[in-house]
Amino acid sequence: MESFSSKSLALQAEKKLLSKMAGRSVVHLFIDETSSEVLDELYRVSKEYTHSRPQAQRVIKDLIKVAVKVAVLHRNGSFGPSELDLATRFRQKLRQGAMTALSFGEVDFTFEAAVLASLLTECRDTLLELVQHHLTPKSQGRIRHVFDHFSDPGLLTALYGPGFTQHLGKICDGLRKLLDEGKL
């Protein structure tokens, strides 16, 4: 078993971005246990699909960095009223994407890569619009990298194919739990 852990990456991001705030416990404000498990499973899917451990680590690391930065912006009240509307729209789209992914995972022969890819692309564009005045071009590039990676029709088709059934099941379980708890 590999020693990769999204929780440790989140801690690294916390150290770098939140060094002036409280200690390690701050990371739990941004990445909970269920989210960490979903991220670990997404890492495994990315690694198997790309056959590249560094590439899979990079995409999850970018995802964690972006999630923490957006959470910090939100918690610090950095978004104006129109940006808060964008944040609400992003959350709704992300929730819709999660529910669609669950539906595709639970109902046989319903998967359509184009539908899920389109939802992820809409999420990406909404998030980029939300953070355009708050994050550097490098961070915006991370957003593009993460969403472009996971909206790749080849990766989505592989994920919903027979070789990734175990991963898909764990991802769906985590998404269901996050949805039920209102965290997504």
Side-chain angles (χ1 to χ4, degrees), residues 1-2 4-11 13 27-50 55-71 74 86-128 130 142-184:
M1 189 78 199
E2 193 166 323
F4 179 83
S5 170
S6 60
K7 192 174 274 189
S8 69
L9 285 177
L11 286 173
V27 78
H28 297 292
L29 296 172
F30 305 111
I31 310 268
D32 62 17
E33 191 66 33
T34 305
S35 298
S36 180
E37 290 168 7
V38 170
L39 291 173
D40 287 345
E41 216 49 53
L42 288 173
Y43 162 76
R44 290 181 192 101
V45 167
S46 294
K47 183 178 167 224
E48 283 186 38
Y49 178 73
T50 64
Q55 188 176 349
Q57 286 178 337
R58 172 56 47 203
V59 77
I60 298 301
K61 195 173 199 175
D62 284 354
L63 194 157
I64 290 169
K65 284 180 178 182
V66 166
V68 169
K69 286 180 182 185
V70 172
H74 181 68
L86 279 171
T88 300
R89 195 166 85 213
F90 171 73
R91 186 168 186 201
Q92 289 169 342
K93 279 289 171 198
L94 196 59
R95 185 174 172 78
Q96 180 185 359
M99 291 189 302
T100 301
L102 274 173
S103 174
F104 287 162
E106 293 172 347
V107 182
D108 291 339
F109 309 111
T110 59
F111 171 71
E112 289 186 45
V115 171
L116 208 46
S118 175
L119 282 168
L120 289 169
T121 300
E122 288 177 47
C123 286
R124 179 200 66 202
D125 294 343
T126 304
L127 184 58
L128 284 169
L130 172 65
R142 286 186 179 114
I143 292 169
R144 284 185 194 87
H145 177 233
V146 168
F147 280 97
D148 291 350
H149 177 78
F150 288 111
S151 65
D152 172 23
L155 181 135
L156 292 171
T157 301
L159 177 60
Y160 284 87
F164 288 79
T165 306
Q166 184 179 0
H167 297 302
L168 181 61
K170 289 179 182 178
I171 290 168
C172 286
D173 290 345
L175 290 177
R176 188 177 305 101
K177 187 173 179 182
L178 290 170
L179 287 166
D180 290 346
E181 294 172 354
K183 294 180 181 176
L184 191 62

Notebook entry, point to check: Between CG of L42 and CG of L159, what distance do you get to the nearest 0.5 Å?
Noted result: 8.0 Å
Margin query: Nearest 0.5 Å, please: how far is OG1 in T34 from CG in L178?
Written below: 5.5 Å
Notebook entry, point to check: Considering residues at least two apart in sequence or located in another chain, which fulfil the salt bridge (Lys or Arg N to Asp or Glu O under 4.0 Å) criterion with K177?
Noted result: none
Checklist line | Shortest non-hydrogen contact from A113 toward L156 | finding: O-CD1, 3.8 Å
Item checked: All side-chain contact (heavy atoms from CB on, under 4.5 Å) counterparts of L94, not counting sequence neighbours -> F90, C123, L184
Checklist line | Partners passing salt bridge (Lys or Arg N to Asp or Glu O under 4.0 Å) against D152 (at least two apart in sequence or in another chain) | finding: none
Margin query: Please determine whether side-chain contact (heavy atoms from CB on, under 4.5 Å) holds for the pair F150 and L116, giving the CA-CA distance in whole Å, both sets of side-chain angles, and the decisive distance to 0.1 Å.
Written below: CA-CA 10 Å; F150 288 111; L116 208 46; over 6 Å; no
Notebook entry, point to check: Residues two or more places apart in sequence or in another chain: which of them pass side chain to side chain donor-acceptor pair (under 3.5 Å) with H74?
Noted result: none
Checklist line | Y49 versus A158, closest heavy-atom pair with distance | finding: CD1-CB, 3.8 Å
Check: Stepwise, does the side-chain contact (heavy atoms from CB on, under 4.5 Å) test hold for I64 with V68?
Finding: CA-CA 6 Å; I64 290 169; V68 169; 4.3 Å; yes
Note to self: Between D148 and L120, is the side-chain contact (heavy atoms from CB on, under 4.5 Å) condition met? List the steps.
What the structure shows: CA-CA 8 Å; D148 291 350; L120 289 169; over 6 Å; no
Notebook entry, point to check: With sequence neighbours left out, what residues match E37 under salt bridge (Lys or Arg N to Asp or Glu O under 4.0 Å)?
Noted result: none
Next item on the list: Enter the distance from L128:CG to I143:CD1 here, rounded to the nearest 0.5 Å.
Entry: 5.0 Å
Margin query: How long is the straight-line distance from OG of S46 back to CZ of R58, given to the nearest 0.5 Å?
Written below: 13.0 Å
Margin query: Could you tell me if the side chain of T121 sits less than 4.5 Å from the side chain of F147, heavy atoms only?
Written below: no
Notebook entry, point to check: Got a sec, which residues hit salt bridge (Lys or Arg N to Asp or Glu O under 4.0 Å) with D125, two or more places apart in sequence or on another chain?
Noted result: none
Next item on the list: Would you give the length of the straight line joining atom CD1 of I60 to atom CG of D40, rounded to the nearest 0.5 angstrom?
Entry: 8.0 Å
Notebook entry, point to check: Does anything in residues 153-167 pair up under side chain to side chain donor-acceptor pair (under 3.5 Å), and if so which pairs, sequence neighbours excluded?
Noted result: E41-H167, E48-H167
Notebook entry, point to check: If you take all heavy atoms of L63 and V146, which pair is closest and at what distance?
Noted result: N-CG2, 3.4 Å
Note to self: Applying side chain to side chain donor-acceptor pair (under 3.5 Å) as the test, list every pair that has at least one member in residues 100-110; sequence neighbours left out.
What the structure shows: E106-R176
Notebook entry, point to check: Where is the tightest heavy-atom contact between C172 and G105, given as atom of each residue plus distance?
Noted result: SG-CA, 4.3 Å
Margin query: Let me confirm one number: the NE2-CG distance from H149 to D62, rounded to the nearest 0.5 Å.
Written below: 10.5 Å
Check: What pairs meet the side chain to side chain donor-acceptor pair (under 3.5 Å) rule with one or both residues in residues 87-99, with sequence neighbours excluded?
Finding: K93-Q96, K93-E122
Item checked: Partner residues of F104 under the ring pair (Phe, Tyr, Trp, His ring centres under 6.0 Å) criterion, sequence neighbours left out -> F111
